[in-house]
Undergrad: 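First the structure, which I've put down as structure tokens, then a few questions once you've had a look.
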Protein chains: 2
Amino acid sequence: MKITIKEIAEDAGVSVSTVSRVISNNPKISEATKLRVREVIERLNYKPNIMARGLVKRRTGILGVIMPKETTTLFTSPFFIEVMQGISLKGKERDYYIMYDFCKNEKEEYEGTRKLAESGLVDGICLMSTRKNDKSIQYLKETNFPFVIIGEPEEKDGVLWVDNNNLKATYDMVKKIIHENSKKIVFVGGDKNLTVTINRVAGFEKACKELKLDYSIYLGKDFSRGEGYRLAEKIFSEQKCENFIISDDNLLKGFLEYLEKSNIENVNIGSFNKANIKKVWKNKIFLLDIKPEKLGMEAVDLLANCIQDKLESCNKIVDIELN
Amino acid sequence: MKITIKEIAEDAGVSVSTVSRVISNNPKISEATKLRVREVIERLNYKPNIMARGLVKRRTGILGVIMPKETTTLFTSPFFIEVMQGISLKGKERDYYIMYDFCKNEKEEYEGTRKLAESGLVDGICLMSTRKNDKSIQYLKETNFPFVIIGEPEEKDGVLWVDNNNLKATYDMVKKIIHENSKKIVFVGGDKNLTVTINRVAGFEKACKELKLDYSIYLGKDFSRGEGYRLAEKIFSEQKCENFIISDDNLLKGFLEYLEKSNIENVNIGSFNKANIKKVWKNKIFLLDIKPEKLGMEAVDLLANCIQDKLESCNKIVDIELN
DNA sequence: ATGAAAGCGCTAACAG
DNA sequence: CTGTTAGCGCTTTCAT
């Protein structure tokens, strides 16, 4: 049988409440007793029962993370696992356990969110995706349940969220890869409904207009490698260009496959994510680190602050730096 | 305030124990009462408090998963995330919540395991790695805490584990890619201390001996792409060969990079994992699906059975099929 | 500075 | 078939 607070109390010759106070480091307890009790706790390797504590404190010390259906398709992108690592790291730092729920579709995401919130199992929820008209967000808001979003939500009012500075990063990137003598550039992106796409396109257009470039935009259905390949085919059948911004790593992979197969050389590409692409010999690629781990860490920080009522800000921008 | 069992009882005009019995579908409760109580539960959207239930039942309905330090380096391999999905899927099916602990090193793995077990937070633990002299396993065994291992442990006595049939799969693979006229084959693997390497090498040697092949084995320090590249360099500097077994997807990627850079063609490769490699035009590759999702599912099944005392078997082999 | 006692929300004997 | 009661292990008034 697991050892309980009562046994600690008996062994130390104090009451259970004293032990409890020692654990929470209550200043009213004398140093002498604290020392004695701590010795017993140590010796007997006592660990408070989380369930019991949770029951009375109405706090479990657990955070829930809803993994969107994209996880299922985006195996190949290290993005999610890196975010998870950031979440885990910060979770440990702030003394939270992390519970993950992998969802197969939007419905499961919503149900998972509700279940987690309603069971009283978690103190807060982290959403790894935002959709248009997101039911989960709506529910969480209505019930006033603490939550944070990784990504920029449609409706920002009073919601906690973390994201990259996608607009500015894309803007800077265009300026970086364009040369004096070349005035043409193409943006290759994925799903046009996602805020990430919208923001990157916005930064792209802003820079292009300022620099008076001859630009065009190709958006695919998703961020898959297949789409990258397909879009490359389309682009090169329609025009000749040597400057590209490619919005995600799988797209980039597909794009590069096409280049290689078609023996296209001397192309400049700016792309996002530490794309795990093979070495490239014949083209120039600038990779932006969107720092997924940092996104995860900031999200947990925001959420933990919110739960502990010491929230200052509502969102956090994780800077993508060009260098 | 969240709604409790007491309020359901009052609204339905019964005692709390009756409500509790309705929830657990106790056969002694009349259909009439069940109906009435369920209606109230539905109407008031009542969800039992997991903490309270856990406290009395000594069961939380949560499973803990220890993610090894490899997760940190093996970003690029979809293996872990697929296993996680399997775990999540089966977890839902068997009504378990899943808690993940990402660890940076062996020490963190051990501490994470203890913490999870001792806090009473989880009913069982899933280990995603086995090491030589694994302290976590030892601890779990000693304390008699339910756990399962993904991978084949050193000491199998009384422990639950799931793994692929690596020996047989490698054996079959050799037979498959070897042609009548070629008698030479090379095995490329990672860390030689891991059971997976040992088993695959065993299968490789068995087949080679049976077929009287001229074979050699190259093992790297790890399963990284860099090692794959380095090993390829080494191999081709030492010999000429056109048949290869490559033990993991990152190794394969590095290996292919070398082939491409060196314009080596007409090579036959057998490899593991649904390696997310780019299309290959000039060489023949056979990919074995090690079914990570299934590994995760079987692990949860085994663990859940163990917790619920309906365990039949101690381990489960997830077949790798050649086709 | 410490102890006694109530109670968090639920389940499980025990009674009837 | 259903209600009463006693905890599960912990925190938190309220006394002292």
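Order of the sequence lines fixes the chain letters, A, B, ..., with proteins taken first and strands second; residue numbering starts at 1 for each chain. Quick caveat: nothing in here was measured; it's all calculated off a predicted structure.
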Undergrad: Using the test side-chain contact (heavy atoms from CB on, under 4.5 Å), find all partners of T4(B) that sit at least two apart in sequence or belong to another chain.
TA: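 For T4(B) the side-chain contact (heavy atoms from CB on, under 4.5 Å) partners, ignoring immediate neighbours, are K6(B), E7(B).
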Undergrad: Give the rounded distance in Å between these two atoms: CG of L55(A) and C1' of dC10(C).
TA: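 Spelled out: CG on L55(A) to C1' on dC10(C) is 8 Å.
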Undergrad: Please check if any side-chain donor atom of S20(A) sits under 3.5 Å from a side-chain acceptor atom of S17(A), or the reverse.
TA: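 No - no donor-acceptor pair under 3.5 Å links their side chains.
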Undergrad: Side chains of I125(A) and L63(A): does their closest heavy-atom pair fall under 4.5 Å?
TA: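 When only atoms from C-beta onward are counted, L63(A) and I125(A) do not touch, as no gap falls below 4.5 Å.
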Undergrad: Determine which pairs satisfy salt bridge (charged side-chain N to carboxylate O under 4.0 Å, His left out) with at least one residue from residues 136-155 of chain A, sequence neighbours left out, and list them in order.
TA: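 Applying salt bridge (charged side-chain N to carboxylate O under 4.0 Å, His left out) to every pair that reaches into residues 136-155 of chain A, excluding sequence neighbours, yields E152(A)-K156(A).
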Undergrad: Mind calculating the distance between CE (M51(A)) and C1' (dC10(C)) to the nearest angstrom?
TA: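 Nearest whole value for this atom pair: 13 Å.
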Undergrad: Listed by chain and number, what are the side-chain hydrogen bond (donor to acceptor under 3.5 Å, both in side chains) partners of N105(A), not counting sequence neighbours?
TA: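 Expected list: none.
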Undergrad: Using the C1' atoms of the five pairs at each end, what is the angle between the end axes of the helix from dA1(C)-dT16(D) to dG16(C)-dC1(D), to 10°?
TA: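 The end axes of the helix from dA1(C)-dT16(D) to dG16(C)-dC1(D) are about 40° apart, to the nearest 10°.
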Undergrad: Which part of the nucleic acid, if any, lies within contact of K28(B), taking any heavy atom under 4.0 Å across all strands shown: a base, the sugar-phosphate backbone alone, or nothing?
TA: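 It contacts base atoms.
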Undergrad: If you only use heavy atoms from C-beta on, which nucleotide in dC10(C), dC10(D), dA12(C) is closest to the side chain of N49(B)?
TA: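 Minimum distance to the N49(B) side chain belongs to dC10(C).
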Undergrad: With K57(B), which residues qualify under salt bridge (Lys or Arg N to Asp or Glu O under 4.0 Å), at least two apart?
TA: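 K57(B): no salt bridge (Lys or Arg N to Asp or Glu O under 4.0 Å) contacts found.
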Undergrad: Nearest to the side chain of I5(A) - dC10(D), dT2(D), dG9(C)?
TA: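 The answer is dC10(D).
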Undergrad: Report all side-chain donor-acceptor pairs from residues 88-98 of chain B shorter than 3.5 Å, counting only partners two or more places apart or in another chain.
TA:
unit_1, atom_1, unit_2, atom_2, d
S88(B), OG, F102(A), N, 3.3
K90(B), NZ, E93(B), OE1, 3.4
K90(B), NZ, E93(B), OE2, 3.1
K90(B), NZ, D301(B), OD2, 3.1
K92(B), NZ, D101(A), OD1, 3.0
K92(B), NZ, F102(A), O, 2.9
K92(B), NZ, E108(A), OE1, 3.1
R94(B), NH1, D301(B), OD1, 2.7
R94(B), NH1, N305(B), OD1, 2.8
R94(B), NH2, N305(B), OD1, 3.0
R94(B), NH2, Q308(B), OE1, 3.1
Y96(B), OH, Q308(B), NE2, 3.1

Undergrad: Filter on side-chain hydrogen bond (donor to acceptor under 3.5 Å, both in side chains), then keep only pairs touching residues 34-44 of chain A, sequence neighbours left out; what's left?
TA: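 Every pair satisfying side-chain hydrogen bond (donor to acceptor under 3.5 Å, both in side chains) with a residue in residues 34-44 of chain A: D11(A)-R43(A), N25(A)-K34(A), N25(A)-R38(A), E39(A)-R43(A).
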Undergrad: Checking E106(A) now: which residues fulfil salt bridge (Lys or Arg N to Asp or Glu O under 4.0 Å) with it, not counting sequence neighbours?
TA: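 Testing E106(A) for salt bridge (Lys or Arg N to Asp or Glu O under 4.0 Å), a comparison that skips the adjacent residues, returns R131(A).
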Undergrad: Would you mind telling me which of dC1(D), dC8(C), dC10(C) lies closest to the side-chain atoms of R53(B)?
TA: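 Looking only at side-chain atoms, R53(B) lies closest to dC10(C).
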Undergrad: Can you tabulate the close N/O pairs, meaning under 3.5 Å, that link protein atoms to atoms of nucleotides 3-5 of chain C?
TA:
unit_1, atom_1, unit_2, atom_2, d
dG3(C), OP2, S15(A), N, 2.9
dG3(C), OP2, S15(A), OG, 3.1
dG3(C), OP2, T18(A), OG1, 2.4
dG3(C), N7, R21(A), NH1, 3.2
dG3(C), O6, R21(A), NH2, 2.4
dA4(C), N6, S17(A), OG, 3.2

Undergrad: List, one per line, each side-chain donor-acceptor pair under 3.5 Å for residues 45-56 of chain B, sequence neighbours excluded.
TA:
unit_1, atom_1, unit_2, atom_2, d
N45(B), ND2, E118(A), OE2, 3.0
N49(B), OD1, M51(B), N, 2.7
N49(B), OD1, A52(B), N, 3.0

Undergrad: Among residues at least two apart in sequence or on other chains, which ones pass salt bridge (Lys or Arg N to Asp or Glu O under 4.0 Å) with K107(A)?
TA: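 Residues passing salt bridge (Lys or Arg N to Asp or Glu O under 4.0 Å) with K107(A): E111(A).
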Undergrad: So which of residues 30-42 of chain A are in contact with DNA chain D, with a heavy-atom cut-off of under 4.0 Å?
TA: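 Heavy-atom cutoff 4.0 Å gives no residues at all.
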Undergrad: Round to a whole Å and report the spacing from CG of N25(B) to C1' of dT11(C).
TA: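 Atom CG in N25(B) sits about 16 Å away from atom C1' in dT11(C).
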